[in-house]
2 protein chains.
Amino acid sequence: MIEITDAAVLTRVRDFLATAALPDDGRLPPERELAQSLEVGRGALRKALATLQSEGVVWRHVGKGTFTGERPIDTVADINAMVQRTNPLEVMSARIAFEPEVARCAALYATAGQVAEMRSCMLKAQQAPTWRQYEQWDNKLHRTIGEASQNSLLLGLLDTLNAVRRAVTWGRLRDTPLRPPGDHHSFEEHTRIVAAIADRDGAGAADAMRRHLRSVESHMRDRL
Amino acid sequence: MIEITDAAVLTRVRDFLATAALPDDGRLPPERELAQSLEVGRGALRKALATLQSEGVVWRHVGKGTFTGERPIDTVADINAMVQRTNPLEVMSARIAFEPEVARCAALYATAGQVAEMRSCMLKAQQAPTWRQYEQWDNKLHRTIGEASQNSLLLGLLDTLNAVRRAVTWGRLRDTPLRPPGDHHSFEEHTRIVAAIADRDGAGAADAMRRHLRSVESHMRDRL
DNA sequence: ATCAGAACCAATTTTGAATTGGTTTTGGTT
DNA sequence: AACCAAAACCAATTCAAAATTGGTTCTGAT
């Protein structure tokens, strides 16, 4: 092995980066392999990579590999982490911030089939013989509204929000009465939401959803 | 093995469910084990479990096990699934729906320290010598706004949204010019957002954020 | 003293075996 | 022939150990 300068090693690595066909995630070959193919020692390569990392050209992570570009901000909280950090009132606040905007989009983009499905869910929620079944149809209604936004990312975020919500409220079943009363506040509120969506009234849908969720929040506070 | 009726098996399983100390996730013992301890055949047990599943008392999943309660709606899309399903324009639409509401909350809840940090990020973005560094400070600004909502769930959803965005737009580096021009539209827009937040003007902050993101979307469309 | 290469360590990924529910086959009984 | 329990097999998931990857220390040559 002929000794070459640090600068020459750095140049070889830069040249490699400029010409190599890397996979989509920008992952470089493992250090040991790259050192071999560039005909430099691993120590020298590591020195060069450290320089490039400090310049934001590559980032490295033990066990994962070396990648082009800046290190991604690793702030993605998975569901469990979100569940550990939040609480029912915070979930309600997040819903009040987020779901009216989903309903607004749904009013603009829902298909007739989706509106029909919302109506069906709404009716089934009203006729539900148990709280459990009411909540199933309630969940289905809200998710159909998310689907009606025709934005898979909004739907994904809504699903994430609902997963956290269920985990935070898990096990809190209502035992009395057995089913929702005939004048359960959500029934009329659901009707207003779906009507505004069917009318293509974005602002109306957002407002109706916000009122509904504020009502749910208020009832939740009454139970604390 | 004494043969017992299906009804008797069902009763044994119900009794078991009523008395057993199950783990937090409500997981029952494996079928083969439960059949043995209840002294029934696996086939008969499976019949009873199928009945209980149809009643919503338990749910079962190949490879996972049998659990008490209703099957969770397994709609949680992880980041990769979201990335595969979405596209840059959809990401922009989702941002336009969601981030103004985050800014609205930030206007209500931001601490003075967080407002100062927003200003610092804004200045550093303006002074950034490369697009890469501009984007780092831009990201930091938007995340500080999310933190200022004082809602960990909203922040978690924003992080999720941004992770998807980065994955969808990965590798799309601007090479010319080397850095943002002095009159880059986002500079003034950032200023308006932060000013509205500092003024505790929720509607103003939401509106400024919405205008900013619409402007970003418009420039994105120009580049398509 | 310095440095390259080897060896070791910690974080992560990969892989194959084990586990779990779902279904089919087998053989005994009626 | 019909029925059913048990065994065998299949598909989905989990788990543990091996392999891989970057990070650090040790060793031996110069």
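Here is the naming used below: chain letters follow the sequence lines, and residue numbers restart at 1 for every chain.
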- Does OH in A/Tyr109 sit with more than 12 non-hydrogen atoms of other residues, nucleotides or ligands closer than 6.0 Å? no
- Tell me which nucleotide among D/dT13, C/dT12, D/dG23 gets nearest to the side chain of A/Glu31. D/dG23
- Query: Is the phosphate of C/dG21, meaning OP1 or OP2, less than 4.0 Å from a side-chain N or O of B/Thr66?
  - Reply: yes
- Just say parallel, tilted or perpendicular for the rings of B/His190 and B/His212, cut-offs at 30° and 60°. perpendicular
- Message: Quick test of your reading of the model: are B/Arg14 and B/Glu55 salt-bridged, counting only N-O distances below 4.0 Å?
- Response: yes
- Item | Euclidean distance, atom CZ of residue A/Arg32 to atom C1' of C/dC8 [Å, nearest integer] | 10 Å
- A/Arg60 side-chain proximity, nearest of D/dG23, C/dT12, C/dG21: D/dG23
- Expressed in angstrom and rounded to an integer, what is the separation of A/His61 atom NE2 from C/dT13 atom C1'? 12 Å
- Could you state the NZ-P distance from A/Lys47 to D/dG23, rounded to the nearest angstrom? 16 Å
- Query: According to a strict under-4.0 Å criterion, is A/Arg42 in side-chain N/O contact with OP1 or OP2 of C/dA4?
  - Reply: no
- What about A/His61 and A/Phe67, are their ring centers closer than 6.0 Å? no
- Query: Of all the nucleotides listed (D/dT24, C/dT23, C/dT20), which has the minimum atom distance to the side chain of B/Val62?
  - Reply: C/dT20
- Message: Heavy atoms only, 4.0 Å cut-off, all strands: where does B/Gly43 land among base, sugar-phosphate and nothing?
- Response: nothing
- Query: Starting at CG of A/Leu45 and ending at C1' of D/dT24, how long is that distance when rounded to a whole Å?
  - Reply: 16 Å
- Message: Rounded to whole Å, how long is the line connecting atom CG of B/Leu49 with atom C1' of C/dG21?
- Response: 10 Å
- Message: In whole Å, I'd like the distance from the CZ atom of A/Phe67 to the P atom of C/dT12.
- Response: 12 Å
- Query: Tell me: CG of B/Asp6 to P of D/dC3, nearest whole Å?
  - Reply: 14 Å
- B/Gln150 and B/Gln114 side chains, donor-acceptor separation under 3.5 Å: yes
- Task: Using whole Å, report how far CZ of A/Arg46 lies from P of D/dT25.
- Result: 11 Å
